[in-house]
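To keep things clear, I will list the structure first and then write my remarks on it.
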Amino acid sequence: MEQNYYQKEIETMPVDKIKELQSEKLIKQVKHVYENVAYYRDLMDKKGVSPDDIKGIEDLHKLPFLSKADLRDAYPYGLLATPIKDCVRIHSTSGTTGKRVVAFYTQNDIDLWDDCCARAIVAAGGTDEDICQVAYGYGLFTGGLGLHGGSHKVGCLTLPMSSGFTERQIQFMTDLNATILCCTPSYAAYIAESLKEQGYTPDNIPLKAGIFGAEPWTEEMRRGIERDLGIKAYDIYGLTETTGPGVAFECSEQKGMHINEDHFLAEIIDPDTGEVLPEGEKGELVFTALDKEAFPLLRYRTRDICVLSRKKCSCGRTLIKMAKPMGRTDDMLIIRGVNVFPSQIETVLLNEGYQPNYQIIVDRVGNNDTFDVNVEMNPDQFTDTVSGITSLEKKLSNAMKLMLGINPAVHLVPPKSIARSEGKAVRVIDKRKLH
Ligand code: DLL
């Protein structure tokens, strides 16, 4: 298959050259951060590391990590490395509890981010002849504006749909003959279902490719979407803290995502000890932004668990690949695309007068997540009538919807029926097979 690249020289650069480039950029970036971000300077000083100790990527391990907790501590401006007047935009995580994470961008930051998304679109077969329907949310979420910027760079006719309004999505897609769809995999599955209901078949759906990410999805789900829409479906990865989508993207091989390592230096660490693991071992993914100006996080712990590989890729790209993330080190669940923390459920239960004895059960039926919460009833409720129990379950479910944005099915179970743990409590049973 003929390969297209957006920035061929970088995407197919020999590995030793990429490493050289990364080393040069790292030395400069550490200086930039040390001079401009007091928060990180303190961390470096405490660790006894100075910018002069960083002579190349082999010294990366000397730098301190940053975690989500640091981002919360430093909210909102504590990690900003440029004057506000040089920033042109913010984005923010879909985070739920406590303070959101706010990321800043200069115009250069937006340009390099758009380039990353353009690489993803071209790797999925996109050209300036394509019509690219962007159905990720626009706004604080990075999905919409990220792919939008990439689509412009490639020269696609861009349909800035944002998410939702499925009827309208289908109308524009079919009237204008959109050829590339960008959205979350679960939304793609929903759009596919709606198209089918309206009598469309894969042969008369104009799409040829999809660029889907922002949440975990299985190979089975990929095959289902490809079959139902008659397309090739490509994975795309990223996080707000490092720009947004496009940190890594899939190519025609569809086996893992190439990391844009001229901009993002990746490491895998043991999440418990922080020790750097050799290539091929499973651990927590850590990124260092090499070019970002406004919000240049060094050694940022993503909490995503995955594996890196330098195995030769049939697409000709030399950029290192990351496997699909296999889960997260923290306890955040992504259910139907919404971030859910067990601690939020606990908060609701305590507010509603229940004990924190509960279990969250998440599964996937077809392409939809199911979300059940078993909660032990209080002893005085045990004698209630069935209808009484049902209305209590409903009340709890509604309180959880207020907190989370989505409704779980709540089941009140007899007191003491949920297993107690002698170590850490098992709050979550996630049956979705994502490995
Ligand atoms: O989800 C950015 C994005 C937008 C990526 C559109 C791809 C497409 P956040 O909301 O900050 O940013 O969430 C980042 O989502 O740490 C992963 O746990 C998860 N995630 C993102 N992409 C994938 C993927 C965007 N392809 C968090 N597969 C990350 C699995 C993903 N998980």
Side-chain angles (χ1 to χ4, degrees), residues 7 9-67 70-71 74 77-83 86-87 103-113 115-116 119 238-239 241-243 246-248 258-269 274-279 283-302 308 310 317-322:
Q7 288 166 319
E9 200 192 325
I10 298 279
E11 294 175 57
T12 61
M13 187 178 264
V15 174
D16 52 341
K17 283 264 173 316
I18 292 185
K19 290 189 172 173
E20 240 172 68
L21 184 67
Q22 289 178 323
S23 284
E24 274 168 34
K25 290 183 175 187
L26 179 67
I27 294 167
K28 274 197 207 137
Q29 187 69 305
V30 171
K31 286 202 177 96
H32 170 57
V33 172
Y34 193 83
E35 279 161 20
N36 295 296
V37 183
Y39 189 96
Y40 199 76
R41 181 163 61 238
D42 284 350
L43 292 180
M44 282 179 67
D45 289 347
K46 273 194 200 119
K47 213 168 176 238
V49 198
S50 85
D52 293 337
D53 296 321
I54 309 300
K55 303 199 161 56
I57 54 173
E58 63 284 0
D59 295 322
L60 184 64
H61 68 277
K62 296 178 181 165
L63 292 169
F65 291 116
L66 280 173
S67 67
D70 292 306
L71 268 58
Y77 290 121
L79 288 162
L80 183 61
T82 53
D86 294 343
C87 297
F104 301 85
Y105 304 72
T106 63
Q107 187 56 50
N108 283 342
D109 294 336
I110 300 275
D111 279 343
L112 82 80
W113 176 25
D115 282 343
C116 289
R119 288 180 195 174
L239 57 163
E241 295 90 318
T242 57
T243 51
V247 170
H258 290 285
I259 295 174
N260 281 314
E261 50 176 346
D262 53 326
H263 299 310
F264 304 103
L265 180 49
E267 298 171 274
I268 293 284
I269 61 160
E275 182 203 347
V276 180
L277 299 177
E279 186 205 311
E284 182 179 354
L285 187 57
V286 173
F287 281 114
T288 294
L290 294 171
D291 291 298
K292 282 177 68 194
E293 296 173 336
F295 201 62
L297 301 188
L298 305 182
R299 299 199 88 198
Y300 181 66
R301 296 183 59 157
T302 63
L308 296 179
R310 279 229 183 258
R317 286 179 185 77
T318 46
L319 300 172
I320 200 165
K321 273 180 162 181
M322 60 179 272

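Sequence positions, counted from 1, serve as the residue numbers for this chain. All of these numbers come straight from a predicted model, not from anything done at the bench. Keep in mind that the numbers below use all heavy atoms, side chains included, and drop hydrogens, waters and symmetry copies.
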dist Leu79:CG -> Phe104:CZ (nearest 0.5 Å) comes out at 9.0 Å
Between Val37 and Ala81, the two heavy atoms sitting closest are CG2-CB, 3.6 Å
Taken to the nearest 0.5 Å, the spacing of Lys292 NZ from Thr242 OG1 works out to 6.0 Å
Q. Do the ring planes of Phe264 and Phe287 sit parallel (below 30°), tilted (30 to 60°) or perpendicular (above 60°)?
A. perpendicular
Which of Gln29, His263, Arg299 passes side-chain contact (heavy atoms from CB on, under 4.5 Å) with Thr288? It is Arg299
Rounded to the nearest 0.5 Å, the NE2 atom of His32 sits from the CG atom of Leu290 at a distance of 12.0 Å
Ignoring hydrogens and angles, write down the donor-acceptor pairs under 3.5 Å from the side chains of residues 57-64, residues two or more places apart or on other chains.
from  : atom 1 : to    : atom 2 : distance (Å)
Asp59 : OD1    : Lys62 : NZ     : 3.1
Asp59 : OD2    : Lys55 : N      : 2.7
His61 : ND1    : Glu58 : O      : 3.1

Exercise for the section: May I ask you to decide if Arg119's main-chain N or O and Glu11's side chain share a donor-acceptor pair within less than 3.5 Å? Expected result: no
- prompt: Are any non-hydrogen side-chain atoms of Met44 and Pro51 less than 4.5 angstrom apart?
  reply: yes
Task: Check: Thr243 main-chain N/O paired with Tyr105 side-chain donor or acceptor under 3.5 Å - done: yes
- Query: Is any side-chain heavy atom of Ile268 closer than 4.5 Å to a side-chain heavy atom of Leu285?
  - Reply: yes
- Close side-chain approach of Lys17 to Thr318, heavy-atom, < 4.5 Å: no
Any sub-3.5 Å donor-acceptor pair from Gln7's side-chain atoms to Asp115's backbone N or O? no
Run the side chain to side chain contact (heavy atoms under 4.5 Å, CB included) test on Leu112 and Asn260 for me, step by step, so that the C-alpha distance in whole Å, both residues' side-chain angles and the decisive distance to 0.1 Å come before the verdict.
CA-CA 10 Å; Leu112 82 80; Asn260 281 314; over 6 Å; no
SG (Cys116) and CD1 (Ile259) are apart, to the nearest 0.5 Å, by 11.5 Å
Separation between CZ (Arg41) and OG (Ser50), nearest 0.5 Å, reads 12.5 Å
* Judged by atom type as modelled, is there a donor-acceptor pair below 3.5 Å linking the side chain of Asp109 to the main-chain atoms of Ala294? -> yes
Close side-chain approach of Ile320 to Ile18, heavy-atom, < 4.5 Å: no
Exercise for review: Would you check if Val49 and Ile54 make a side-chain contact, meaning some heavy-atom pair closer than 4.5 Å?
Suggested key: yes
Notebook entry, point to check: So do Asp70 and Tyr39 actually touch side chain to side chain, heavy atoms under 4.5 Å?
Noted result: yes
Salt bridge between Lys47 and Asp53, side-chain N to carboxylate O under 4.0 Å? no
Interatomic distance, CG@Asn108 vs CG@Asp86, rounded to 0.5 Å, equals 9.5 Å
**OP:** Using atom types as modelled and distance alone, determine if a side-chain donor or acceptor of Asn36 lies under 3.5 Å from a backbone N or O of Thr82.
**Re:** no
On a heavy-atom basis, the closest approach of Lys25 and Asp262 is NZ-O, 3.0 Å
Can you tell me if Ser67 uses its side chain to pair, donor with acceptor, with the backbone of Arg301 under 3.5 Å?
no
